[in-house]
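Quick note: numbers below take in every heavy atom, side chains included, and nothing from hydrogens, waters or symmetry partners.
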Amino acid sequence: MNRRELTLLVNGTNHRLTVETSEPLLWVLRDRLKLTGTKFGCGEGACGACSVLIDGAVYRSCVVAVGDVASGEAITTIEGLGAPGSLSALQQAFIDHTAFGCGFCTPGMIVTATAFLEGTANPSRQQIITAMDDNLCRCASHPAILDAIEEVAGSKREPED
């Protein structure tokens, strides 16, 4: 056992915790910090339900040991997207397009799509499909999910002359 006191920067707030360093980040977020938007899906990093951003890159929090998150790295969960009291454009687009069935995969989908859109200007539908390919939706909401992401991607496109 390797218990250590760590400071995690989560959704813009520092949290000082004593943790077992091998504990998955997912359980620290859900059980210790009560940020239950991040979901446990497969426990193997294959489904994407537990996706979070660490310094803007997507990570599967079920397979990231909390001790592997460096001090000062910014962790963003679904709760940290948008502004306090208002949804991000992507969160709103998911609602507008009813881009969810049961909603279990939705946080991971939105987190993954957020990172993708931050790093990709004017993506094609095929690029969106490729970027989202590793996030699973058991309810078969993929067409609506793609439509929501495509809408937000389109709003970021430069107007054509």
Inset, instruction - Answer yes if L146 and I95 sit in the same cluster of Ile, Leu, Val, Met, Phe, Trp and Tyr residues linked by side chain heavy atoms under 4.5 Å apart, and no otherwise. - result: no

Inset, instruction - Would you confirm whether S61, through its side chain, and V52, through its main-chain N or O, come within 3.5 Å as a donor-acceptor pair? - result: no

Legend entry - Side chain proximity check, C47 to L136, heavy atoms < 4.5 angstrom: yes

Legend entry - Donor + acceptor pair across side chains of Q126, S124 (<3.5 Å): no

Legend entry - SG-NZ distance between C102 and K39, expressed to the nearest 0.5 angstrom: 10.0 Å

Inset, instruction - Without swapping roles, check the side chain of E151 against the backbone of A93 for a donor-acceptor pair under 3.5 Å. - result: no

Inset, instruction - Please confirm whether the backbone N or O of A74 pairs with a side-chain atom of D55, one donor and one acceptor, at under 3.5 Å? - result: yes

Inset, instruction - Taking all heavy atoms of V58 and all of A115, pick out the closest pair and write down the distance. - result: CG2-CB, 3.4 Å

Legend entry - Where C62 and G43 come nearest, the two heavy atoms and their spacing: SG-C, 3.6 Å

Legend entry - ILVMFWY cluster, L117 and I110 together (side-chain gap under 4.5 Å): yes

Legend entry - Modelled atom types, side-chain donor and acceptor of N11 and T76, under 3.5 Å: no

Legend entry - Atom pair CZ/SG of F104 and C139 - distance to nearest 0.5 Å: 10.5 Å

Inset, instruction - Ignoring hydrogens and angles, tell me if any N or O in the side chain of Q91 forms a donor-acceptor pair with the backbone of S88 under 3.5 Å. - result: yes

Inset, instruction - Kindly determine whether E23 and R3 satisfy salt bridge (Lys or Arg N to Asp or Glu O under 4.0 Å), including the steps that lead there. - result: CA-CA 10 Å; E23 184 177 2; R3 291 187 66 77; 5.9 Å; no

Legend entry - In one Ile/Leu/Val/Met/Phe/Trp/Tyr side-chain cluster, 4.5 Å: V63, I78: no

Inset, instruction - Could you walk me through whether L33 and L17 pass side-chain contact (heavy atoms from CB on, under 4.5 Å), step by step? - result: CA-CA 10 Å; L33 301 181; L17 304 165; 4.1 Å; yes

Legend entry - Candidate list L25, I75, L26, test side-chain contact (heavy atoms from CB on, under 4.5 Å), partner V66, passing option: L25

Inset, instruction - Please tell me if the side chains of D147 and R125 come closer than 4.5 Å, counting only heavy atoms from C-beta onward. - result: yes

Legend entry - W27 and R30, any side-chain heavy atoms less than 4.5 Å apart: yes

Legend entry - Shortest non-hydrogen contact between E5 and T18, atoms and distance: OE1-OG1, 3.8 Å

Legend entry - CD on E73 to CG on L53, rounded to 0.5 Å: 12.0 Å

Inset, instruction - Nearest 0.5 Å please: distance from the NE2 atom of H97 over to the CD atom of E150. - result: 9.0 Å

Legend entry - Cationic N near anionic O, under 4.0 Å, D134 to R60: no

Inset, instruction - Can you measure from CG (D31) to OG1 (T36) and round to the nearest 0.5 angstrom? - result: 10.0 Å

Inset, instruction - Give a yes-or-no answer on whether the side chains of R16 and T7 include a donor-acceptor pair shorter than 3.5 Å. - result: yes

Inset, instruction - Locate the shortest heavy-atom distance separating S51 from T112; write the atom from each residue and the value. - result: OG-OG1, 3.6 Å

Legend entry - Beyond-backbone contact of F94 with I145, side-chain heavy atoms, under 4.5 angstrom: yes

Legend entry - Minimal non-hydrogen separation, Q127 against T120, with atom names: NE2-CG2, 4.5 Å

Legend entry - Minimum side-chain heavy-atom gap M109-F100 below 4.5 Å: no

Legend entry - In one Ile/Leu/Val/Met/Phe/Trp/Tyr side-chain cluster, 4.5 Å: L81, M132: yes

Inset, instruction - Mind listing the closest non-hydrogen atom pair of N135 and G108 along with its distance? - result: ND2-O, 3.3 Å

Inset, instruction - State the CG-CG distance between L6 and N14, to the nearest 0.5 angstrom. - result: 12.0 Å

Legend entry - Cluster check L35, V69: I/L/V/M/F/W/Y, side chain < 4.5 angstrom: yes

